[in-house]
Amino acid sequence: MRFSKLLIPTLREAPADAEAISHVFMLRAGYVRQLAAGLYIFLPLGWRVLDKINAVLKEEMEAIGSQEISMPILHPAEVWQQTGRWDVIGDEMFRLKDRTGRDMCLGMTHEEIMTWLASREIRSYRDLPQVWYQIQTKLRDEARPKSGVLRTREFIMKDSYSFDANEEGLEKNYQLHAGAYHKIFKRCGLKFYQVESDPGMMGGAVSHEFMAPSPAGEDEVALCNKCGYSANVELALSVPSEIKFEDWLYEEVHTPDKRTVQEVSNFLKLKPAYFIKSILVIAENTPVLALVRGDQELHEKKLSKIIGAHRPAQKTEVKEILGVEAGFIGPMNQKVRIIADSCLKEGIYVSGANKQHYHAKGIRPGKNFTAEWHDIHLAKNGDKCSKCGAELKIEKCIEIGNIFKLGTKYSVPLKAVFLDENGSEKPVIMGSYGIGPARIAAAAIEQNNDKDGIIWPKSIAPFDIEILPLNMKDSMTVEIAEKLYNDLKERGIEVLMDDRDERAGVKFKDADLIGIPTQIILGEKNLKEGLVEIKDRRTKEAKKVRVEEVVKVIS
RNA sequence: CGGGGCGUAGCGCAGUUUGGUAGCGCACACGGUUCGGGACCGUGGGGUCGAAGGUUCAAAUCCUUUCGCCCCGACCA
């Protein structure tokens, strides 16, 4: 296509409210414009990229036997009420009423509607398995839209759903999707990890996320290079690094006005790892004392899985319940339930002495206090892998896809059932699988850029080739450019030709910004010798090629 | 929802402290020169200063309310 006929509004300067690299470049290079918080317009280049990504998605979905369908975005409340999510989900769901006053909502995902369809159409084990997918808009009233297209209130998602007669079938579809996702992300040129994840409100027991490493990401992932263990830190297990213990005898130490681990650590000249951090929380009106090592953080979600919903205790509550000011509390002789991080099982520690301005040194777990042992700390860089003992590293990632084993969470309430070989009625076993195309695009930019702009992976670039006729007033330049343009198009190559009457510098700058992987540069001097330059956007290396050879070299 | 920041031309910003005719750069239009890494000279168009109310002879500037956007946190199919 011709640059002069396309809306490609490049910006010399980045709008002030863009922070993430992908956001800045998508705006500057004219891929998207923002309508409001979390609402984006995709301009021609941006839409072409999404089309490319969606084409890959479709191919790989079809390859595993998934059938494309399309579901409404506007949903009646009843279906969501039947699964309970109408009430479970809060402000994140857009709700409205139709003209008759009927409750409706905008779809944030499609488990309910897909299951509704399955309940109508699937009757026999002979109808199974089924796998349905769509590439459809989702709406979520996000608490905090951010980072350009990475977290928006309206976005397109490829979501697929599997329906099976038994667990083996689900496992098969789950693995087929995992395999397809690997191919998809690889084809889109992304670095990514498949990690264990927390199913959250989706329900179900098993889920994995596909994570593209990037500093713009919102998630953190723990990775083991040795054994391949990888998990979202929301549930990642780890073993804090070992420390050498001193054979302290139990004694109380005067620590005037030293309350935090850091303060006492500095005062006693002992590393934080020798301390036990005691945190009082209130779970359903029952106090629970949580213990983690001084150099670790308490992981709220892990604790929630053991004691349920809870909140931190207030200062006055600490005094009331434990009889000592926060800052000097320790696990010894406490009547409350104590949950301690497993790594504290061995060793000799320092903690509050349960006495104002005193800490106790030489605390031996098991002897000086007892507790229930669980992994309740947040995995951090340098911790050891719980599987193999190698060092874990923590990386920030963008979640680009996820897969869930749903089981019968949706099929039971929506009565999606079938008759098995014996004529007995059973709920369909389901899985759901999502991918965010705009996140793939953003992640690709985050992972592939330089100071001048985007460097698209070939597979998802808006065009294959950009032709730069540097001087549009030179008739030979124009003539050869037109010929190359047509010849390449005839070969099925997607070409963008910068036919604007702009100075060479402008064309170079815009071409680098836009990031089409290969540039064909037509300069007058080279053309007089029958040569053009073919330049690689990533390496910036250019080679001179005879005009007649271009089509052959490119294709 | 809590904390912080910002709303002045399409974009980036100054002006607000100390009230007194709304500015700069880029972009845009026209003329000329230039033409392989965001050219130069000249001329010109473009603003309810986010909105509403108030104080004042006079408000971008002071006061009140409100809306929007960004960042950190909480939250998160």
Side-chain angles (χ1 to χ4, degrees), chain A residues 9-20 23-24 27-30 33-39 80 83 85 88-94 105-114 136 138-148 150-153 155 157-159 161 197-204 207 209 216 218-219 232 234 300-301 309 311-312 399 401-404 406 409-410 432-436 439 451-453 468-474 477 498 500-514 519 521-527 532-533 535 540 542:
Chain A
T10 59
L11 301 171
R12 189 189 288 244
E13 285 174 288
D17 51 12
E19 191 108 331
H23 190 198
V24 170
L27 288 168
R28 281 196 56 205
R33 286 295 182 260
Q34 182 175 10
L35 173 65
L39 297 175
W80 287 81
T83 62
R85 287 164 115 195
V88 172
I89 296 170
D91 293 337
E92 211 175 329
M93 181 186 271
F94 282 107
C105 65
L106 301 179
M108 40 200 308
T109 174
H110 281 81
E111 279 77 18
E112 273 78 1
I113 313 303
M114 286 277 179
Q136 180 63 286
K138 313 287 177 202
L139 291 117
R140 295 178 193 174
D141 197 355
E142 287 287 349
R144 186 146 98 79
K146 56 187 282 201
S147 308
L150 279 176
R151 190 164 206 85
T152 54
R153 295 192 291 177
F155 59 97
M157 179 158 131
K158 187 292 299 174
D159 48 326
Y161 304 81
S197 71
D198 184 349
M201 75 170 291
M202 286 301 296
S207 70
E209 287 165 334
E218 303 180 88
D219 289 279
N232 194 310
E234 285 178 1
E300 303 283 341
K301 279 193 180 168
R311 59 170 177 85
E399 182 187 352
N402 48 34
I403 54 180
F404 295 92
L406 299 175
K409 178 176 159 117
Y410 298 92
S432 88
Y433 318 89
I435 286 183
R439 284 189 173 183
K451 66 174 175 33
D452 294 314
L468 304 181
L470 295 186
N471 182 2
M472 291 301 290
K473 292 193 180 78
D474 177 57
T477 301
D498 192 346
R500 296 173 300 169
D501 187 13
E502 286 286 356
R503 300 167 62 84
V506 173
K507 295 192 181 190
F508 286 132
K509 287 289 182 192
D510 276 346
D512 286 349
L513 230 200
I514 289 165
Q519 303 169 1
I521 299 164
L522 278 62
E524 275 181 87
K525 275 184 202 157
N526 283 325
L527 286 178
V532 302
E533 285 168 84
K535 186 169 163 186
K540 300 253 170 125

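Throughout, a chain's letter reflects where its sequence line sits, starting with A, and its residues are numbered from 1. Below, all heavy atoms of this structure are taken into account, side chains as well, without hydrogens, waters or symmetry copies.
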C70(B), C11(B), G38(B): which one has an atom nearest the side-chain heavy atoms of P15(A)?
C11(B)
Any-strand Watson-Crick or G-U partner of G42(B), both distances under 3.5 Å:
C30(B)
Nearest-angstrom distance, C1' atom, C24(B) to C30(B)
22 Å
Mate of G19(B) across any strand shown (Watson-Crick or G-U wobble, both atom pairs under 3.5 Å) is none
Any E111(A) side-chain heavy atom under 4.5 Å of R85(A) side chain
yes
Please confirm whether the shortest side-chain N or O distance from R144(A) to OP1 or OP2 of A74(B) is below 4.0 Å.
no
Which whole-number value in Å describes the distance from L150(A) CG to C70(B) C1'?
15 Å
What is the nucleic acid contact for L513(A), judged by heavy atoms within less than 4.0 Å: base, sugar-phosphate only, or nothing?
base
5'-most contact on RNA chain B (nearest-nucleotide basis), Q34(A) vs W80(A), goes to Q34(A)
Looking across every strand, which nucleic acid part, if any, lies under 4.0 Å from D510(A) by heavy atom: base, sugar-phosphate, or nothing?
base
Separation between the P atoms of C40(B) and G25(B), rounded to whole Å
12 Å
Assigned partner base of C6(B), Watson-Crick or wobble definition, under 3.5 Å
G68(B)
Less than 3.5 Å between a donor and an acceptor, one on the side chain of E533(A) and one on the base of G36(B), is that the case here?
yes
Atom NE2 of H23(A) and atom P of C71(B): how far apart are they, to the nearest Å?
8 Å
Quick one: does any side-chain atom of R140(A) pair with a main-chain N or O of E92(A) as donor and acceptor, under 3.5 Å?
no
For U56(B), give its Watson-Crick or G-U wobble partner with both distances under 3.5 Å, or none.
none
For M157(A) and A36(A), find the nucleotide of RNA chain B closest to each by heavy atoms; which residue's nucleotide sits nearer the 5' end?
A36(A)
From the set C70(B), G37(B), C26(B), return the single nucleotide nearest to any side-chain atom of A37(A).
C70(B)
So what does A18(A) touch, heavy atoms closer than 4.0 Å: a base, only the sugar-phosphate, or nothing?
nothing
Under a 4.5 Å cut-off applied to non-hydrogen side-chain atoms, are R439(A) and E399(A) in contact?
yes
With the side chain of A16(A) defined as its heavy atoms from C-beta on, choose the nearest nucleotide among G12(B), U34(B), C71(B).
G12(B)
Given side chains that start at C-beta, do those of E218(A) and L150(A) come closer than 4.5 Å, heavy atoms only?
no
Mind checking the C1' distance from U8(B) to G46(B)? Whole angstroms is fine.
14 Å
Any heavy-atom pair between the side chains of Q519(A) and E533(A) that's under 4.5 Å?
no
Counting side-chain heavy atoms from CB outward, which of C35(B), C69(B), G38(B) is closest to R28(A)?
G38(B)
In whole angstroms, how far is the C1' atom of A27(B) from the CD atom of E502(A)?
11 Å
C49(B) and A59(B): how far apart are their C1' atoms, nearest whole angstrom?
11 Å
Using atom CG of L11(A) as one end and atom P of G12(B) as the other, report the distance to the nearest whole Å.
8 Å
Could you tell me the Watson-Crick or G-U partner of C24(B), where both distances fall under 3.5 Å? Say none if there is no partner.
G12(B)
How many whole angstroms separate atom CZ of R311(A) from atom P of C75(B)?
15 Å
What distance, rounded to whole Å, do you find between the two P atoms, one in G73(B) and one in C62(B)?
32 Å
Tell me whether the guanidinium CZ or amine NZ of K409(A) lies under 6.0 angstrom from the six-membered ring centre of F404(A) and within 45° of its axis.
no
I need the CD-C1' distance between E142(A) and C72(B), as an integer number of Å.
17 Å
Quantified in whole Å, what is the C1' atom distance between nucleotide G45(B) and nucleotide U55(B)?
37 Å
Suppose we define a pair by two distances each less than 3.5 Å, Watson-Crick or G-U wobble; what does U61(B) pair with here?
none
G53(B) to C70(B) separation - C1' atoms, rounded to the nearest Å
27 Å
Interatomic distance where CG belongs to D141(A) and C1' belongs to C1(B) [whole Å]:
13 Å
Hey, does the side chain of K146(A) come within less than 4.0 Å of C69(B)'s phosphate (OP1/OP2), counting only N and O?
no
Answer yes or no: does a side-chain N or O of R503(A) lie under 4.0 Å from OP1 or OP2 of A39(B)?
yes
Within the modelled atom types, does a donor on one side and an acceptor on the other bring the side chain of E13(A) and the base of G38(B) under 3.5 Å apart?
no
Counting any heavy atom closer than 4.0 Å, what does E218(A) reach on the DNA or RNA strands: base, sugar-phosphate only, or nothing?
nothing
Starting the side chain at C-beta, find the nucleotide from C71(B), C69(B), G36(B) nearest to E19(A).
C71(B)
Proximal nucleotide (of G37(B), G12(B), C75(B)) relative to the D512(A) side chain
G37(B)
Paired with C35(B) by Watson-Crick or G-U wobble geometry, both distances under 3.5 Å: which nucleotide is it?
none
In whole Å, what is the span from the CD1 atom of I514(A) to the C1' atom of G38(B)?
13 Å
Is there side-chain contact between R500(A) and V506(A), with heavy atoms separated by less than 4.5 Å?
yes
Nucleotide opposite G73(B) in a Watson-Crick or G-U pair, distances under 3.5 Å
C1(B)
Taking the same atom, C1', in U64(B) and in C28(B), what whole-Å distance lies between them?
40 Å
Give the nucleotide from the list C71(B), G36(B), G38(B) with an atom nearest to the side chain of S147(A).
C71(B)
Indicate the atoms forming the closest heavy-atom contact of G434(A) with M157(A), along with that distance.
CA-CE, 4.2 Å
Could you tell me whether a side-chain N or O of R28(A) sits under 3.5 Å from a main-chain N or O of L11(A), the two making a donor and an acceptor?
yes
Selection from C35(B), C71(B), G36(B) that lies nearest to any side-chain heavy atom of N526(A)
G36(B)
